[in-house]
Amino acid sequence: MKKVLLIIAISISVVACNKTADVKEVKTAYVDTSVLMKEYTEAKDLEAKYKGQSEEKGRQLEAEINRFKQDAANFQKQAQANGQEWAQKQGAELQKREQQLSYAQQALSQQLQQESGAEMDTLVSGVKKFIKAYGKEKGYAYIYGTGDAASVLYAEEKYDITKEIVKALNDKYKSTATAKTEEKVEEKEEAKK
């Protein structure tokens, strides 16, 4: 009986050893998403685009706010000279303008947030698709994300492929931007004909 148990134990260990020999190493890596978004040219361009829009539209609104401040300062000077009835009427108009300017600031901020948020969501979705395709092409079983919303608490640096992903994404974006520029040049030339 002991011999039978010994033979069974040996045969199980032999089978187990053969199965571990068949298991191939799983290829994994990680991408630091915060570094990726800081160094990815399209993300930088998107940020610059909305910063520029914010500054441009903000200047227009700032000019209106400055006019309002001047009118409010003039109102205080004229209120004493023109009496209380005039001051109440003009004060109500100034309050209405102030409220409208406040609403305009909020609307501008919300509009820019919505537009940039939608484009950023599209960008992030594209990056995820790119990383998925990249992982399949390079034979990775897993590519983890680290950074601001970390899903990996620790990984050895040798598994960090962030630089490779950033370079590949920037190359793809650059070639797409070049193609779009060439299309615009061709369209302009055709329009001239």
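Because the structure is predicted, anything quoted here is derived from the model rather than measured.
Note: Y142 and Y144 meet the aromatic proximity criterion, with ring centroids under 6.0 Å apart.
The distance from atom NZ of K132 to atom NZ of K136, rounded to the nearest 0.5 Å, is 4.5 Å. Between Y173 atom OH and E42 atom CD the span is 5.5 Å, to the nearest 0.5 Å. In this structure, OG1 on T28 lies 8.5 Å from OH on Y140, to the nearest 0.5 angstrom. Note that CD of Q110 is 10.5 Å distant from CG of L112, once rounded to the nearest 0.5 Å. Atoms CD and CD1, on E164 and I131 in that order, are 11.5 Å from each other to the nearest 0.5 Å. Between the OG1 atom in T41 and the CG atom in L169 there is a gap of 9.0 Å [rounded to 0.5 Å].
Side chains of T162 and D32: a donor-acceptor N/O pair is absent below 3.5 angstrom, by distance only. Using a 3.5 Å distance cut-off with no hydrogens or angles, the side chains of E115 and Q111 do pair a donor with an acceptor.
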Intermediate values then yes/no, side chain to side chain contact (heavy atoms under 4.5 Å, CB included), L101 and E98
CA-CA 5 Å; L101 287 171; E98 182 179 31; 5.8 Å; no

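In plain terms, the two heavy atoms of L108 and G58 that are nearest each other are CD2-N, 4.2 Å. Considering every non-hydrogen atom in both A72 and L94, the closest pair reads CA-CD1, 4.0 Å. Between L123 and Y40, the closest heavy-atom pair is CD1-CE2, 3.8 Å.
For the pair E64/R67, a side-chain contact is recorded, criterion being any heavy-atom separation below 4.5 Å from C-beta on. Under the 4.5 Å side-chain criterion, counting only non-hydrogen atoms from C-beta, Q53 is in contact with Y50. Between V31 and T146 there is no side-chain heavy-atom pair separated by less than 4.5 Å. Q105 places a side-chain heavy atom less than 4.5 Å from the side chain of L61. Taking 4.5 Å as the limit, some side-chain heavy atom of V124 sits within range of a side-chain heavy atom of K128. Counting only heavy atoms from C-beta outward, the side chains of M37 and K44 never approach each other to under 4.5 Å.
Hydrophobic clustering, with ILVMFWY side chains joined whenever heavy atoms are under 4.5 angstrom apart, groups Y30 together with V26.
Of the possible polar contacts, none joining the K89 side chain to the Q84 backbone as a donor-acceptor pair under 3.5 Å is found. Under a 3.5 Å cut-off, the side chain of S125 and the backbone N or O of D121 do not form any donor-acceptor pair.
Between K167 and D171, at least one side-chain N (NZ, or NE/NH1/NH2) sits under 4.0 Å from a carboxylate O, which counts as a salt bridge. Residues E39 and K163 are not paired through a salt bridge, judged by the lack of any N-O separation under 4.0 Å between the basic side chain and the carboxylate.
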